[in-house]
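In what follows, a structure is listed as structure tokens, so that the remarks can point back to it.
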Amino acid sequence: MKRAKILFIITFFFTVFSGGVVFGADDLCRGSFINPLTDIRWEGIFPIRIAGVEVKGPAGMDNPDSGSGSVLCFCKRGIKFTIGVTVSYWNPARIVETTKIPWCFPTLGMKLNIGDHWKHTGTYSSGADEGYTFTNAHNLIFNLFDILNIFIDIPCVPHEGFDIAYFSELDPSWNSDSVAYFLNPEALLFANPTAQLACVADSSATVAGWPIDSLFWCAGGWGSVYPFSGHNINSDYTRGNALNMARVLYRNARIGVMWDTGIDECGAVITPVWVKSHFKVHQIKPVRGPIMPIGRPSVLWEESKNPPGGTLKGAADNFSWEVFKFVKCCMGYSE
């Protein structure tokens, strides 16, 4: 892991100083580097529960059903035993970008100058019956607590700092539904009206609470998370970007590169079938949006979130999404 990060840093600076990165970029990929103090809704780390005592924040969202846990806990981690109390909170651990312009990184305020290779430009079309959306997507490991050097003694959380973990521009499955179906054939089980109709219940559940985890193929009012590609049928471009953001999260959980920190209080676990209620998100760019669960109907939050001319934070049609992951951990005395 350390060697990979060193290689990434060397490659990044080589690209910058060789003219391969355009900061500020053109008008279609306009932006500035994220400001953690003003761009992130820090109230998203609440509620915080310590030994059964809950501290609610201004966001007004309770923890999911799996968030209570026991007051006292006992864990075996390696050769050590821990006895203590259960602590839970929300960790601002990821940023997902969904962009119309290939190699545009609105969160970092830059665009990679790759040339004409892998250029799959985002599109949007609408008609009387359906709309069509395609976006590129990037997964940024952006653990703000690690970057700011706080909460670093939480034993249940992978300490990752910053990295760019995924480029859809290099992923053939993101640009082809057929390839995505081949890699995840279970998607065919949910490509029917009955399975999609169940997403209505999931959407309703997110209006005032959390999504239904058993309906894992749904992203509430945003649509189906299958297939794991950048194409989706959506009559609204902002909602289409939100769906692609959810697809990136499920894809990462599906292939085991993002572990769930809210199931086992003794440590993170692999979840090939994601637990949707262990994520909440908010839009960062081009306009900062409210904190919400996966799948909340876009009519409740999307107004003016993608201005035609963009904003000083970023150009239109290039989105950044802050992802909070639920953490439940046993903390106490270790021997």
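It should be emphasised that the depicted structure is a prediction, and the values quoted were computed from it without experimental measurement.
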Side-chain donor-acceptor pair under 3.5 Å between T86 and E265, yes or no?
-> yes

Closest heavy-atom pair and its distance - K285, I34 | NZ-N, 4.3 Å

Transitive ILVMFWY side-chain link I152 to I154, under 4.5 Å | no

Joint cluster assignment, V287 & F319, ILVMFWY side-chain distance < 4.5 Å | no

With hydrophobic residues grouped by side-chain heavy-atom distances under 4.5 Å, do I150 and M331 end up in a single group?
-> yes

Answer yes or no: does atom CZ of F74 have more than 12 heavy-atom neighbours from other residues, nucleotides or ligands under 6.0 Å?
-> yes

C73 and C330: sulfurs closer than 2.5 Å?
-> yes

When you check the gap from the basic side-chain N to the acidic O, do E160 and R94 get nearer than 4.0 Å?
-> yes

How far does CG of L108 sit from NZ of K111, to the nearest 0.5 angstrom?
-> 15.0 Å

With a 4.5 Å limit on heavy-atom distance, are the side chains of E97 and S320 in contact?
-> yes

Pair V200-L197, side-chain contact (heavy atoms from CB on, under 4.5 Å): steps then yes or no | CA-CA 6 Å; V200 175; L197 186 62; 4.2 Å; yes

Is the backbone of R296 close enough, under 3.5 Å, to the side chain of W222 for a donor and an acceptor to pair up by distance?
-> yes

Within the distance-only criterion (no hydrogens, no angle test), does the side chain of E169 pair as donor or acceptor with the backbone N or O of W103 below 3.5 angstrom?
-> yes

May I ask you to decide if E186's main-chain N or O and N184's side chain share a donor-acceptor pair within less than 3.5 Å?
-> no

Rounded to the nearest 0.5 Å, how far apart are CD of E322 and CE of M245?
-> 10.5 Å

Are any non-hydrogen side-chain atoms of R77 and C156 less than 4.5 angstrom apart?
-> yes

same_hphob_cluster(I50, Y333) at 4.5 Å side-chain heavy-atom cutoff | no

Give the minimum heavy-atom separation between P36 and L144, together with the two atoms involved.
-> CB-CD2, 3.9 Å

One should read off an interatomic distance between K276 NZ and F216 CZ, to the nearest 0.5 angstrom, of 9.5 Å

Test of ring centre spacing under 6.0 Å for F190 and W217 | yes

State, without any angle test, whether T135 and N244 hold a side-chain donor-acceptor pair at a distance under 3.5 Å.
-> yes

For S334 and T82, which heavy atoms make the closest approach, and how far apart are they?
-> OG-OG1, 2.8 Å

Please state whether the rings of Y250 and Y226 are parallel, tilted or perpendicular, taking 30° and 60° as the class boundaries.
-> perpendicular

Distance col, row I164:CD1 vs L112:CG, nearest 0.5 angstrom, shows 7.0 Å

Tightest non-hydrogen contact, residues I263 and H278, listed as CG1-CE1, 3.7 Å

Please check if the side chain of N318 supplies one atom and the backbone of L28 the other of a donor-acceptor pair under 3.5 Å.
-> yes

Are the side chain of D202 and the backbone of G220 linked by a donor-acceptor contact shorter than 3.5 Å?
-> yes

Rounded to the nearest 0.5 Å, the CG atom of L183 sits from the CZ atom of F228 at a distance of 10.5 Å

Side chains of Y166 and D171: is there a donor and an acceptor less than 3.5 Å apart?
-> yes

Would you give the length of the straight line joining atom OG of S32 to atom CE of M110, rounded to the nearest 0.5 angstrom?
-> 13.5 Å

Would the F324 and F326 ring centres measure less than 6.0 Å apart?
-> no

Please confirm whether the backbone N or O of S88 pairs with a side-chain atom of R49, one donor and one acceptor, at under 3.5 Å?
-> no

Identify the residue among N241, T98, N306 that makes a side-chain hydrogen bond (donor to acceptor under 3.5 Å, both in side chains) with D317.
-> N306

Shortest non-hydrogen contact from A219 to L243?
-> CB-CD1, 3.9 Å

Might you work through the side-chain contact (heavy atoms from CB on, under 4.5 Å) test for F151 and N91, ending with a clear yes or no?
-> CA-CA 10 Å; F151 285 7; N91 183 26; over 6 Å; no

Other residues, nucleotides, ligands: >12 heavy atoms within 6.0 Å of K80 NZ | no

Exam field: side chain R247 to backbone S224, donor-acceptor pair closer than 3.5 Å = yes

Report yes if some heavy atom in the side chain of D264 is under 4.5 Å from a heavy atom in the side chain of W259; otherwise report no.
-> no

Non-hydrogen atoms of V275 and D213 that approach each other most closely = CG1-OD2, 3.4 Å

So if you build clusters from Ile, Leu, Val, Met, Phe, Trp, Tyr with side-chain heavy-atom gaps below 4.5 Å, do I141 and I147 land together?
-> no

Tell me, do K313 and R288 make a side-chain contact under 4.5 Å, heavy atoms counted?
-> yes

State, yes or no, whether a side-chain contact exists between Y89 and V157 at a heavy-atom distance under 4.5 Å.
-> yes

Can you check side-chain contact (heavy atoms from CB on, under 4.5 Å) on S298 and K305, steps first, answer last?
-> CA-CA 10 Å; S298 57; K305 294 301 183 294; over 6 Å; no

Neighbour count above 12 (heavy atom, 6.0 Å) for L312 CG | no

Are the side chains of R239 and P297 in touch, meaning some heavy atoms are under 4.5 Å apart?
-> no

side-chain contact (heavy atoms from CB on, under 4.5 Å) between K328 and T261, intermediate numbers included | CA-CA 6 Å; K328 182 169 63 176; T261 55; over 6 Å; no

Going by heavy atoms in the side chains, are N139 and N252 under 4.5 Å from each other?
-> yes

Quick one: are V323 and I95 in side-chain contact, heavy atoms under 4.5 Å?
-> no

Donor-acceptor pair, D236 side chain versus T238 backbone, under 3.5 Å?
-> yes

Counting only N and O atoms by type, is there a donor-acceptor contact under 3.5 Å from the side chain of R41 to the main-chain atoms of G289?
-> yes

Just by distance, do the side chain of W321 and the backbone of A242 share a donor-acceptor pair under 3.5 Å?
-> no

